[in-house]
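Inspection log for the structure reproduced underneath, given as structure tokens.
Atom set for the values below is all heavy atoms of this structure, side chains included, hydrogens, waters and symmetry mates excluded. Just so you know, ligand 1 is whichever comes first in the structure, and atom 1 is the first atom listed for that ligand.
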Amino acid sequence: MSHSPLPTPHSPLLPGATIGVFGSGQLGRMLAMVAQRMGYRVHIFSPDRGSPAGQVADCEITADYTDQEAVRAFVQGVDAVTFEFENVPAHVAMIANEQGVPVRPGGRVLRTAQQRLREKTFFAEANLPTAPFAPVRSLADLENGLETIGSPAILKTAAYGYDGKGQVRIERAGDAQAAWHAIGKQDAILEDYVDFEREVSMVAARGANGAFVHYGLIENRHHNHILDVSIAPANVAKQTVAVAAQYTRMVMEKLDAVGVLCVEFFLCRDGRLLLNEMAPRPHNSGHLTIEAAVTSQFEQQLRAVCRLPLGSTELLRPAAMVNLLGDLWRDGEPDWAALAAFPTAKLHLYGKADARLGRKMGHITVTAKTADEALETALAARVALRR
Ligand code: AMP
């Protein structure tokens, strides 16, 4: 139960207050850890038991998101509600609103980010640049879309698939039928295949008073559509960072998003930035802010949710983060003792028992004098873990 002194919707939630989090993965775990450091209590709601976030939370409620009674009871026991992933049913935010418990970010942001077609349409209507795209609800739509957009193209299910799931690359118009079958003949979005120079992301935060801060651009490298490595600061022109900040700010203001939000961009060879997608929460590419920035993305989320002033996003040192996927466990437990040779490597493990291939089990962050040195050390540390 809450112990804070009768908060109004406009007063900050101070240490001692209880934050309710829907979702229980590593993002909730890292949020819970920072919230507890700052004296808050954290309740976690998800269908899973013994989850990464549940293991460290003050209270873990295990129920389905569709269980409205359980959601109502959970919301009654917290002072504010937030999310650690965006695919939580819309009624969850509605129930919290009905009970007068602040929900940050709000339902509109979640709804927009939950579905690729809605998301890209929102970007386009806001005059934000994206790869050319077309909605696909039938094979005929796909064939027409391929005629307009050309090939190669990429077909993605409209409902979010994580980490490259629900996506097929189409090399030529003749492959339309096979691609339509491959994604299970469901609502989709067809996009021009961007021959980008690099992928970059901007993690930003917006306070309830409209204050906006960002961490600059982070370079991201993917492997099998899953984030593999992030590097900060990205080696890009100052003007590119300024443009990304302007776009990210527009996204947050138009959606009236309060909290942390990450926009992923393609940086084209001619210097243009195209918005690929957004996540209305801390993002894998921002994990390096834990060691590299004055205020981590998780503390920033807590601050925004609690109506505290946002913290400094100053980068203290260049940094690199490498993900540790389940693949690293293929031949048994990784060789943790080998990390002794890497005194600057910071290990994060998410408490997941089942190391499936492609599953995010943890990450390593290294800070150094230069981004190149941080990257080299982080990659070497990961290699040393292999059995
Ligand atoms: P997404 O799930 O949309 O973030 O896609 C995962 C990854 O697939 C991206 O980070 C890119 O590496 C790649 N990708 C997605 N869409 C495109 C596109 N239109 N053109 C080129 N590569 C893409």
From [options] - option closest to [atom] by heavy atom:
atom: atom 15 (C) of ligand 1; options: R116, H223, E191, K156; answer: K156
atom: atom 11 (C) of ligand 1; options: E277, E199, R221; answer: E199
atom: atom 1 (P) of ligand 1; options: Q167, K120, H225; answer: Q167
atom: atom 17 (C) of ligand 1; options: F266, F133, Y193; answer: F266

Item to check | Non-hydrogen atoms of F342 and A384 that approach each other most closely | outcome: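 Shortest heavy-atom separation between F342 and A384 comes out as CE1-CB, 3.7 Å.
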Item to check | Atom pair CG (L155) and CZ (F133), whose distance is rounded to the nearest 0.5 Å | outcome: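 Rounded to the nearest 0.5 Å, the CG-CZ separation comes to 14.0 Å.
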Checklist entry - What distance do L27 atom CG and N284 atom CG have between them, rounded to the nearest 0.5 Å? => result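 Here the rounded value is 7.5 Å.
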Checklist entry - Out of curiosity, is D195 lining ligand 1, as in a heavy atom under 4.0 Å away? => result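 No.
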Enumerated ligand 1 atoms positioned under 4.0 Å from heavy atoms of [X]:
X: D192; result: 18 (C), 19 (N), 20 (N)
X: N276; result: 1 (P), 3 (O), 4 (O)
X: H222; result: 10 (O)

Next on the checklist: Can you tell me which portion of V194 lies within the under-4.0 Å heavy-atom range of ligand 1? Options are side chain, backbone, both, or neither.
Outcome noted: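 The answer is both, backbone and side chain.
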Next on the checklist: Counting only heavy atoms closer than 4.0 Å, does ligand 1 sit against the backbone of N220, its side chain, both, or neither?
Outcome noted: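 Under 4.0 Å from ligand 1, N220 contributes no heavy atoms.
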Checklist entry - Tell me, do L339 and L347 make a side-chain contact under 4.5 Å, heavy atoms counted? => result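 Touching, per the 4.5 Å side-chain cut-off.
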Next on the checklist: I'd like to know if E219 and R198 make a salt bridge, using a cut-off of under 4.0 Å between side-chain N and carboxylate O.
Outcome noted: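 Answer for the salt bridge query: yes.
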Item to check | Basic-acidic side-chain contact under 4.0 Å: R72, E69 | outcome: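 So R72 pairs with E69 through a salt bridge.
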Checklist entry - Once the angle between the rings of H348 and H363 is folded into 0 to 90°, is it parallel (under 30°), tilted (30 to 60°) or perpendicular (over 60°)? => result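 Rings of H348 and H363: parallel, under 30°.
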